[in-house]
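These numbers come from a predicted model, not from an experiment.
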Amino acid sequence: MGLGSCMITFFGAFLSGFLFFLPISYSDKAPDYTFVKEATSAPAVVYYDYIIIGGGTAGCPLAATLSHGATILVLERGGSPYGNPNITNIANFGPTLLDTSPTSPAQQFTSEDGVHNIRARVLGGGSAVNAGFYTRASTRYVKEVGWNHNLVNQSYEWVEKVVAFKPEILQWENALRDGLLEVGVLPNNEFTYDHLYGTKVGGSIFDAEGHRHTAADLLQYADPRKITVYLHATVQKILFRYIPGRASPQAYGVIYKDAYEVRHQAYLKRNSNKNEIILSAGAIGSPQLLMLSGVGPAYHLRAHGIKVVVDHPMVGQGMADNPMNVLLIPSPIPVEVSLVQVVGITKFNSYIEGASGLSLSISLAHRLSNNFKRFLSQTEHPPFRVLPEAIARAAEMVHGIANRTIRAGVILEKIMGPLSTGHLALRNTNPDDNPFVTFNYFKEPEDLRKCIEGMRTIIDVVNSKAYSKFRYKNMPVEALIDLMLTLPVNRRRKHANATFSLEQFCIDTVMTIWHYHGGCQVGRVVDKGYRVLGIDSLRVIDGSTFYHTPGANPQATVMMLGRQVYLENISYIHNLLENLILIAD
C-alpha cells in the first residue's frame with residue numbers, strides 16, 4: 001500500500017471517528033455462541049428454512065428474529081469480531097480501517113469518483129468497523145417509507161437493550177455543542193436517540209469501558225437450537241429453478257466456498273411454507289451477488305458471460321453516498337480523545353458533527369507529521385501568513401502526532417439524502433473482488449448547496465466564543481482550509497480556487513462517512529415487503545434498499561430493519577387470520 005493510499009485511508013479513519021483514551025485493558029471474550037462455526041466444518045450439503053447471505057448489521061438481528069420458529073443458516077464471508085482487539089477495543093479503531101490483508105474486516109475500495117471507501121467483511125458488518133454513533137431515523141422518514149411506527153419503535157428498543165449506550169461528554173465535545181447552539185443550531189435537545197432538529201448528544205455502541213457492541217451481539221436473542229452461522233463462507237451464486245405452474249423463477253439454494261476454497265451447497269427445505277433466501281450483503285454485496293447470480297441488466301450480465309435469469313435493469317442503480325467535508329483545527333491546549341458524540345441537525349439539511357484527539361501507529365503519525373510540516377512551511381508565503389508563535393505551537397502538535405497523540409479537533413458536515421446518485425457494475429465474476437462503483441458526488445446542485453451551507457456553519461462554530469479556546473487565534477479559517485487542500489484526503493484533482501471557493505472546496509475535498517446505500521431499492525428491485533420483483537422466495541433486507549440514508553447515522557435503522565420486517569409480516573398474517581376467522585363466524 002503506497003503512502004498516498006495510507007494517508008487517504010488514515011484520514012478516513014481519523015476524520016470519521018476519534019478515540020477515547022482509556023488506559024485500561026479490555027476484554028474481548030467472545031459470547032458463548034456454539035452455533036457460530038468456520039465454514040470449513042460445514043457438510044457438503046445442508047438444508048434450512050431460511051438462508052441469510054450476510055451476517056452483517058441487518059443479517060444478525062434478522063437471523064435472531066427468524067430463529068424463533070424456523071431453522072436458519074447465516075453465511076458470512078468474514079470472520080468473527082470477537083477476539084480481535086482492533087474491533088472490540090475502542091482505542092484500536094484506526095488500525096482496523098488500515099488493515100489491507102485479505103481477511104481484513106474492512107475491505108477497501110475506491111469509487112470511480114476518486115474517493116476511498118471501505119466495505120465490511122466481518123460478522124456484525126459495518127457495526128464492527130464504524131465510529132459507533134447511534135441515532136434513530138426521523139418519524140418523517142419512517143412515515144415516508146411506510147413502516148409501522150409501533151413496530152419500528154419496538155424494534156429500536158429491542159436493539160438498544162443490547163448495543164446502545166449514553167456516552168460521557170468531555171470538554172471538547174461540550175465546546176462543539178455549545179458552539180453549535182451559539183451559531184443557531186437550535187434547540188438544545190440534550191441526550192436522545194431520536195432524530196430532532198437542533199443540537200443533541202447521540203448514543204454510542206461503545207460502552208463506558210470502551211467495548212464495542214456490534215450487531216453480532218444481537219445473536220444472543222437467537223434460539224441456539226435453530227440457527228447455524230458459518231464464517232468465511234463466501235457465496236458464489238444464488239440458484240434458481242422453474243416450477244410448473246409458476247411464471248417466475250424460484251430461489252432454492254446457494255453455492256458457497258469456505259476459507260480453503262472448497263465448494264458447499266445450501267438448499268431451502270422442501271415442503272416448507274417458509275422457504276426463503278434473504279440477501280443481506282450490504283449496498284455493495286447485495287446488488288453484486290444478484291448480478292453474479294443472473295439477476296440484473298441483461299446486456300451487462302451477458303458481457304460477463306453470465307446466464308440471465310431475470311433481466312432486472314434497476315439492479316445496481318441508485319447508488320448514493322452521503323458526501324462528507326471537514327476542517328481540521330489544531331488546538332493550543334490538550335483535548336480529550338473522543339468519538340463523534342454531538343450532532344447538529346440543521347434545517348438546511350446538513351449534519352454537523354465533530355471529534356477530537358487521535359491514537360495511531362507511529363509510522364502513520366510520522367507520515368501525517370511530515371505532510372503537516374510542509375503545510376507550515378507554505379504558510380510563510382501568500383495567500384496566508386501564520387505568525388511564528390502559531391507555527392511554533394502547531395509544531396508542538398506535529399511532535400505530538402509523532403508520539404501517537406494529536407492536539408486537534410475536527411468538525412465535519414454530511415449532507416442529508418443525497419439527491420445525487422450513481423451506479424454499480426461488475427468488474428469481473430469473482431465475488432471476492434470489488435465491483436465498479438460510481439456515486440456522482442454533487443452531481444445535483446442542491447447537494448452542493450447543502451455542503452456550502454454546512455461548511456459555513458462549521459466556520460461559524462470555529463469562530464464562536466464557545467469554541468475559542470480550542471483554536472489558535474492567529475491561524476485564520478482560510479489557513480485551515482488551505483491545510484485541508486494539502487492533505488491527500490482523496491484522489492481527486494485540487495483546484496487553485498478551492499482556497500477561497502467553498503463550492504470548489506466541497507468538490508475537491510469530498511470524502512465518505514461510509515453511509516452509502518442503494519442498488520436494490522424498494523419499488524425498483526424489491527417490493528414493499530422486500531421481495532425481489534419477478535422472483536419467488538428471494539428478498540433483500542439491508543441498506544441497499546434505501547433511497548436516502550436514515551438520519552445522522554444509518555446503523556440503528558439497519559439493525560432495526562432486520563427485526564422489524566418480519567415482525568410486520570407476522571403482524572400482517574396474524575391480522576389476516578383474525579379477519580378470516582371473523583368472516584367464517
#### Entry: salt bridge (Lys or Arg N to Asp or Glu O under 4.0 Å): pairs with one or both residues in residues 454-474, sequence neighbours excluded
Glu453-Arg456
#### Entry: Mutual orientation of the aromatic rings belonging to Phe439 and Tyr441 [parallel < 30°, tilted 30-60°, perpendicular > 60°]
tilted
### Message
Which label fits His304 and His300: parallel for a plane angle under 30°, tilted from 30 to 60°, or perpendicular past 60°?
### Response
perpendicular
### Task
Report the residues that fulfil side-chain contact (heavy atoms from CB on, under 4.5 Å) with Gln504, sequence neighbours left out, ordered by chain and then residue number.
His495, Asn497, Ala498, Ser501, Ile507, Asp508
### Query
Given the rule in the salt bridge (Lys or Arg N to Asp or Glu O under 4.0 Å) test, do Glu190 and Lys166 qualify, once you have shown the distances and angles that lead to the verdict?
CA-CA 11 Å; Glu190 304 292 346; Lys166 179 180 180 180; over 6 Å; no
List in chain and number order the residues that pass ring pair (Phe, Tyr, Trp, His ring centres under 6.0 Å) with [X], two or more places apart in sequence or in another chain; answer none if no residue qualifies.
X      : value
Tyr193 : Tyr134, Phe191
Phe109 : Tyr516
Phe133 : none

### Query
With a 4.5 Å limit on heavy-atom distance, are the side chains of Met416 and Thr549 in contact?
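Contact flag for Met416/Thr549 side chains = no.
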### Message
So Ser104 and Arg121, do their side chains get closer than 4.5 Å, heavy atoms only?
### Response
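Result yes, sub-4.5 Å side-chain heavy-atom pair found.
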Table please: side-chain donor-acceptor pairs of residues 312-319 below 3.5 Å, with sequence neighbours left out.
from   : atom 1 : to     : atom 2 : distance (Å)
His312 : NE2    : Leu533 : O      : 2.8

### Query
Side chains of His149 and Lys143: donor-acceptor distance under 3.5 Å anywhere?
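Distance-only check fails for His149 and Lys143.
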### Message
If I take atom OG1 from residue Thr512 and atom CG from residue Asp113, how far apart are they, to the nearest 0.5 angstrom?
### Response
10.0 Å
### Message
As an exercise, state the distance from NZ of Lys494 to CE of Met484, rounded to the nearest 0.5 Å.
### Response
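Between Lys494 NZ and Met484 CE, I get 9.0 Å after rounding to 0.5 Å.
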### Task
Give a yes or no on whether a salt bridge exists between Arg177 and Glu173, defined as a side-chain N under 4.0 angstrom from a carboxylate O.
no
